[in-house]
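Each remark here refers to the structure printed beneath this line.
Keep in mind that the numbers below use all heavy atoms, side chains included, and drop hydrogens, waters and symmetry copies. The structure presented is a predicted model; accordingly, all values stated were derived computationally and were not measured.
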Amino acid sequence: MDVLHTAIWIDDVEAMKEFYTEGLGLEYSREFVGDDGVTNYFLTGESDTELQFKYDEDESGDREVEPSGFDHTAIAVTDIDDTVDALAEEYGGSVDQEPTTMDDMGVRISFVSDPDGYGVELIETLE
């Protein structure tokens, strides 16, 4: 068994693409339009697990994106301070928790929200 992808409804596809590809360095992996007219846009990192963004141009902005029970997606980064600054200043993100060092776990973490308001935990492994 393996986790293959997580699907998230979004309203602003261009803002989300920039936030996750340019801001976080994830890569486009594929996309398709389903029989229902919904665009499915996939991103991946170094593993095979993908983030799937579901986008319906006809309903963009008309539908509230309220992730019931969804908390956050965790993404590994190499420089958490620079990443948080860039996401907030250049890619429409907002900082929910500034970078914090957790010495006992050997990591620095931060929480940000993407342009659609979804939570993203950034994790930098310390040497």
Next on the checklist: Does Thr73 form a side-chain contact (heavy atoms from CB on, under 4.5 Å) with Leu51? I'd like the steps, not just the answer.
Outcome noted: CA-CA 9 Å; Thr73 299; Leu51 282 177; 4.0 Å; yes
Using a 3.5 Å cut-off and no angle test, enumerate the donor-acceptor pairs between side-chain atoms of residues 119-127 and protein atoms at least two apart in sequence or in another chain.
unit_1	atom_1	unit_2	atom_2	d
Glu121	OE1	His72	NE2	2.9
Glu124	OE1	Ile80	N	3.0

Next on the checklist: Any heavy-atom pair between the side chains of Val13 and Ile10 that's under 4.5 Å?
Outcome noted: yes
Checklist entry - What do you reckon, are the aromatic ring centroids of Tyr28 and Tyr41 less than 6.0 Å apart? => result yes
Checklist outcome for this item: In terms of heavy-atom contacts, Phe42 and Glu31 come closest through CD1-CA, 4.5 Å
Next on the checklist: If the condition is side chain to side chain contact (heavy atoms under 4.5 Å, CB included), which residues does Val38 pass it with, not counting sequence neighbours?
Outcome noted: Trp9, Asp36, Asn40, Lys54, Asp56
Next on the checklist: Pair Phe53, Tyr20 - check ring pair (Phe, Tyr, Trp, His ring centres under 6.0 Å), show working.
Outcome noted: CA-CA 11 Å; Phe53 294 131; Tyr20 284 92; 5.1 Å; yes
Just list the side-chain donor-acceptor pairs under 3.5 Å for residues 82-94, sequence neighbours left out, or say none.
unit_1	atom_1	unit_2	atom_2	d
Thr83	OG1	Asp79	O	2.8

Checklist entry - Would Leu43 end up clustered with Ile8 when hydrophobic side chains under 4.5 Å apart are linked, directly or stepwise? => result yes
Item to check | Check: Asp116 side chain, Tyr118 main-chain N or O, donor-acceptor pair, under 3.5 Å | outcome: no
Donor-acceptor pairs under 3.5 Å, side chain of residues 103-113 to any protein atom, not counting sequence neighbours: which ones?
unit_1	atom_1	unit_2	atom_2	d
Arg108	NH1	Thr101	OG1	2.7
Arg108	NH2	Asp81	OD1	2.8
Arg108	NH2	Asp81	OD2	3.2
Ser110	OG	Gln97	O	2.6
Ser113	OG	Asp96	OD1	3.4
Ser113	OG	Asp96	OD2	2.6

Item to check | Which atom of Thr44 lies closest to which atom of Ser29, heavy atoms considered | outcome: CG2-CB, 4.0 Å
Checklist entry - Quick one: CD on Glu18 to CG on Leu24, what's the gap to the nearest 0.5 Å? => result 12.5 Å
Checklist entry - Is Glu50 close to Leu4 at the side-chain level, that is, under 4.5 Å between some pair of heavy atoms? => result no
Item to check | Partner set under side chain to side chain contact (heavy atoms under 4.5 Å, CB included) for Glu14, not counting sequence neighbours | outcome: Asp12, Lys17
Next on the checklist: With a 4.5 Å cut-off on side-chain heavy-atom distances among I, L, V, M, F, W and Y, is there a chain of contacts connecting Met102 to Val77?
Outcome noted: no
Checklist entry - What residues form a side chain to side chain contact (heavy atoms under 4.5 Å, CB included) with Ala76, not counting sequence neighbours? => result none
